[in-house]
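Input: a single structure, listed below in structure tokens.
The first residue of the sequence shown is numbered 1, and numbering continues consecutively from there. Heavy-atom basis, side chains included; hydrogens, waters and symmetry copies ignored.
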Amino acid sequence: VGGDHEGRYDHDESRRMLYRGLQQLDPKKRLAVVLHDIEGYTLKEVGEAVGRPLQTIASQVRTGRAELAAWFEQQNRGPSNDVRTTEVQA
């Protein structure tokens, strides 16, 4: 039973992380990623639903995924390992 509880916790935590990451995206990119990658609509269907050209949707999904991946990487790395936030000792 303990393993089931741990698996459920991991799944719930992964879902929370995904939603936090999605909130970091521009709303148009977030909508394109959610409709295509999570809801399973084709790029064409997403474009028709939101009234944008197919190439625009494809670009928004591609860049949204890249930004989401970068956000996850930053979360896994943590702020102490981020070169941009590390102070230089004089």
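Here the CD1 atom belonging to Ile57 is positioned 7.5 Å from the CG atom belonging to Leu31, to the nearest 0.5 angstrom. Between atom CH2 of residue Trp71 and atom CE of residue Met17 there is a gap of 4.0 Å, rounded to the nearest 0.5 Å. In this structure, CZ on Arg30 lies 12.5 Å from NZ on Lys28, to the nearest 0.5 angstrom. Within the model, atoms CD of Gln55 and CZ of Arg62 stand 8.0 Å from one another, a figure rounded to the nearest 0.5 Å. In this structure, Leu43 CG and Ser59 OG are separated by 11.0 Å, a value rounded to the nearest 0.5 Å.
Annotation for Leu68 and Leu25: closest pair N-CD2, 4.1 Å, computed over non-hydrogen atoms. Of all non-hydrogen atoms in Leu35 and Glu39, the two that sit nearest each other are O-CB, 3.4 Å. When all heavy atoms of His36 and Val46 are compared, the closest pair comes out as N-CG2, 4.0 Å.
Side-chain atoms of Thr63 and Asp26, non-hydrogen and from C-beta on, never get closer than 4.5 Å to each other.
Side chain of Gln24 to backbone of Gly21: no donor-acceptor contact under 3.5 angstrom is found.
In this structure, Tyr41 is a member of the same hydrophobic cluster as Leu54, with clusters built from ILVMFWY side-chain heavy atoms closer than 4.5 Å.
A donor and an acceptor atom, one from each side chain of Gln60 and Arg52, are located under 3.5 Å apart. Checking Gln74 against Arg77 by side-chain atom types alone, a donor-acceptor pair falls below 3.5 Å.
Enclosure of atom CZ in Phe72 by more than 12 non-hydrogen atoms of other residues, nucleotides or ligands within 6.0 angstrom is indicated.
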